[in-house]
Amino acid sequence: MSRCVSMDEVVNCALGAIINAHNEYLKWTDGEWLWNAPEYFITVRIAESIANLEKKKFVTMEDNVSYILDHAHAKGSGRIHSDIRTKGRFDVVLWWADGLTPRAVIEVKNGVHIFKKIEEDLKRIKEVLKRKTTNSKIQFGVIAFYISQQYKNTAKDKLQKQINNIFMQAKAIVGDIFKIEQYGQDLIFCEDDQNAYCPVVFLIKR
């Protein structure tokens with residue numbers, strides 16, 4: 001058994017989990033799309049997908065931010081940036097294989113239509129990765145979200161442009177310090193050239 005889940009595997013787990021959640025909710029409701037579901041439904045499916053990998057891993061949910069920073073050796077002394085929101089919680093945390101220190105934080109959003117919906121989470125991940133870089137064990141962050149939209153025509157092309165626009169705004173915030181990569185834009189599902197949805201992942205890494 002490999003000792004470490006790769007970043008690519010985390011990305012693929014998140015994308016696949018969002019698609020599966022959409023299809024599952026579609027069956028449960030006899031036709032309703034995933035944007036109608038509670039966000040937590042997607043979060044659980046993503047955590048479950050990573051946990052089911054045939055690799056040694058340690059996955060937790062709804063962990064306190066201050067607690068994670070402390071265990072990642074990223075807390076230390078000095079003022080913690082307000083964007084980190086230390087009294088809040090991370091949706092999903094992937095720990096190093098030994099289960100002793102956090103490796104990645106994952107934030108999940110449903111019903112994203114504009115950049116504003118993920119802006120706070122993006123800034124949080126940026127500041128977490130910046131925090132105590134010499135000692136911190138946190139290697140990367142992920143924002144995974146579901147986006148759907150209805151257009152009069154050319155729905156796939158228009159949704160692609162919408163996703164790219166959100167990504168460019170995200171890149172403007174973190175791209176000067178960290179590498180940010182976009183995944184899922186090749187997985188747009190389109191219905192009657194009017195209704196389209198897509199799983200999207202932004203990977204932010206040192």
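Keep in mind it's a predicted model, so treat the numbers as computed, not measured. Side-chain atoms are counted along with the backbone in the values below, which use heavy atoms only and exclude waters and symmetry mates.
At a threshold of 4.5 Å between non-hydrogen side-chain atoms, the residues Gln149 and Ile163 do not count as touching. Between Val59 and Val93, the closest side-chain pair of non-hydrogen atoms is not below 4.5 Å. Taking 4.5 Å as the limit, every side-chain heavy atom of Glu107 sits out of range of all side-chain heavy atoms of Val92. Here the side chains of Thr86 and Asn64 are not in contact, with every heavy-atom distance at 4.5 Å or above. Between Asn153 and Gln194 the shortest side-chain heavy-atom distance does not fall below 4.5 Å.
To the nearest 0.5 Å, atom CD of residue Glu48 and atom CD1 of residue Ile50 are 11.0 Å apart. One distance of note links CD1 of Ile68 with NZ of Lys75; it measures 11.5 Å at 0.5 Å rounding. Ile177 contributes atom CD1, which lies 11.5 Å from atom CZ of Arg206 (distance to the nearest 0.5 angstrom). With rounding to the nearest 0.5 Å, the separation of NZ in Lys109 from CD1 in Ile42 is 10.5 Å. A distance of 6.5 Å separates CZ in Phe140 from CG in Leu203, rounded to the nearest 0.5 Å. For the atom pair NZ of Lys179 and CG of Leu129, the computed distance is 14.5 Å after rounding to the nearest 0.5 Å.
Hydrophobic clustering, with ILVMFWY side chains joined whenever heavy atoms are under 4.5 angstrom apart, groups Val174 together with Phe145. Leu94 and Ile84 are not part of a single hydrophobic cluster, where members link through side-chain heavy atoms under 4.5 Å apart. A chain of hydrophobic side-chain contacts below 4.5 Å, direct or via other Ile, Leu, Val, Met, Phe, Trp or Tyr residues, connects Ile46 to Phe41. If you chain together hydrophobic residues whose side chains sit under 4.5 Å apart, Val142 and Phe115 never meet in one group. The hydrophobic clustering, which links ILVMFWY residues whose side-chain heavy atoms are closer than 4.5 Å, places Val108 and Leu53 together.
Between Asp63 and Arg89 there is no salt bridge, since none of the side-chain N atoms of the basic residue sits less than 4.0 Å from a carboxylate O of the acidic one. Ion pairing of Asp83 with Lys130 is absent here, as no side-chain N (NZ or NE/NH1/NH2) approaches a carboxylate O to less than 4.0 Å. Look at Glu119 and Lys116 and you find a salt bridge, because one of the NZ, NE, NH1 or NH2 atoms lies within 4.0 Å of a carboxylate O, short of that distance.
Within the 3.5 Å criterion, the main-chain N or O of Ala51 finds a donor-acceptor partner in the side chain of Lys57. Side-chain atoms of Asn20 come within 3.5 Å of backbone atoms of Gly16 as a donor-acceptor pair (strictly under, hydrogens ignored). Between the side chain of Asn165 and the backbone N or O of Lys161, no donor-acceptor pair lies under 3.5 Å. Looking at Ser49, its side chain never comes within 3.5 Å of a backbone N or O of Arg45 through a donor-acceptor pair. Side chain of Lys132 to main chain of Ser77: a donor-acceptor pair is present (N/O by atom type, distance under 3.5 Å, no hydrogens or angles). Here the side chain of His71 pairs a donor or acceptor atom with the backbone of Tyr67 at under 3.5 angstrom. Side-chain N or O atoms of His113 include one that pairs as donor or acceptor with a backbone N or O of Ser148 at under 3.5 Å.
Geometrically, Arg103 does not engage Phe58 in a cation-pi contact defined by less than 6.0 Å to the ring centre and at most 45° from the axis.
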Show your reasoning for whether side chain to side chain contact (heavy atoms under 4.5 Å, CB included) applies to Arg124 and Phe90. CA-CA 10 Å; Arg124 168 186 266 181; Phe90 292 119; 3.5 Å; yes
Please lay out, stage by stage, how Glu120 and Lys123 fare under the test salt bridge (Lys or Arg N to Asp or Glu O under 4.0 Å). CA-CA 5 Å; Glu120 287 188 359; Lys123 288 180 177 179; over 6 Å; no
Apply side-chain hydrogen bond (donor to acceptor under 3.5 Å, both in side chains) to Tyr183 and Glu181, showing your working. CA-CA 7 Å; Tyr183 298 90; Glu181 298 172 352; 2.3 Å; yes
Please determine whether side chain to side chain contact (heavy atoms under 4.5 Å, CB included) holds for the pair Leu26 and Leu34, giving the CA-CA distance in whole Å, both sets of side-chain angles, and the decisive distance to 0.1 Å. CA-CA 7 Å; Leu26 206 66; Leu34 187 60; over 6 Å; no
Would Val201 and Ile143 count as a side chain to side chain contact (heavy atoms under 4.5 Å, CB included) here? Give the steps. CA-CA 6 Å; Val201 167; Ile143 295 181; over 6 Å; no
Pair Glu62, Asp91 - check side chain to side chain contact (heavy atoms under 4.5 Å, CB included), show working. CA-CA 5 Å; Glu62 294 293 325; Asp91 291 332; 3.8 Å; yes
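For NZ of Lys158, the number of neighbouring non-hydrogen atoms (other residues, nucleotides, ligands) closer than 6.0 Å is greater than 12. The local environment of NZ in Lys117 is crowded, with over 12 non-hydrogen atoms from other residues, nucleotides or ligands closer than 6.0 Å.
Nearest heavy atom pair, residue Lys56 against residue Val5, reads O-CG2, 4.3 Å. Taking both residues in full, the closest heavy atoms of Phe178 and Lys126 are given as CE1-O, 3.5 Å, listed atom of the first, atom of the second, then distance. Considering all non-hydrogen atoms of both residues, Pro199 and Leu15 come closest at O-CD2, 3.6 Å. In terms of heavy atoms, Gly78 sits closest to Arg131 at O-NH2, 3.3 Å. Between Cys190 and Ala155, the closest heavy-atom pair is SG-CB, 3.8 Å. The shortest heavy-atom contact between Ala37 and Asn110 is O-ND2, 3.0 Å.
When Asp157, Leu159, Asp193 are each tested for a side chain to side chain contact (heavy atoms under 4.5 Å, CB included) with Tyr151, only one passes: Leu159.
Defined by atom type and a distance below 3.5 Å, a donor-acceptor pair is missing between the side-chain atoms of Trp95 and Thr101. At a cut-off of 3.5 Å, with distance as the only test, no side-chain donor of Lys87 or Ser66 sits close to an acceptor on the other residue.
Partners of Phe167 by ring-ring contact (aromatic ring centres under 6.0 Å, His included), not counting sequence neighbours, listed by chain and number: Phe202.
A distance below 6.0 Å separates the ring centres of Trp33 and Tyr197.
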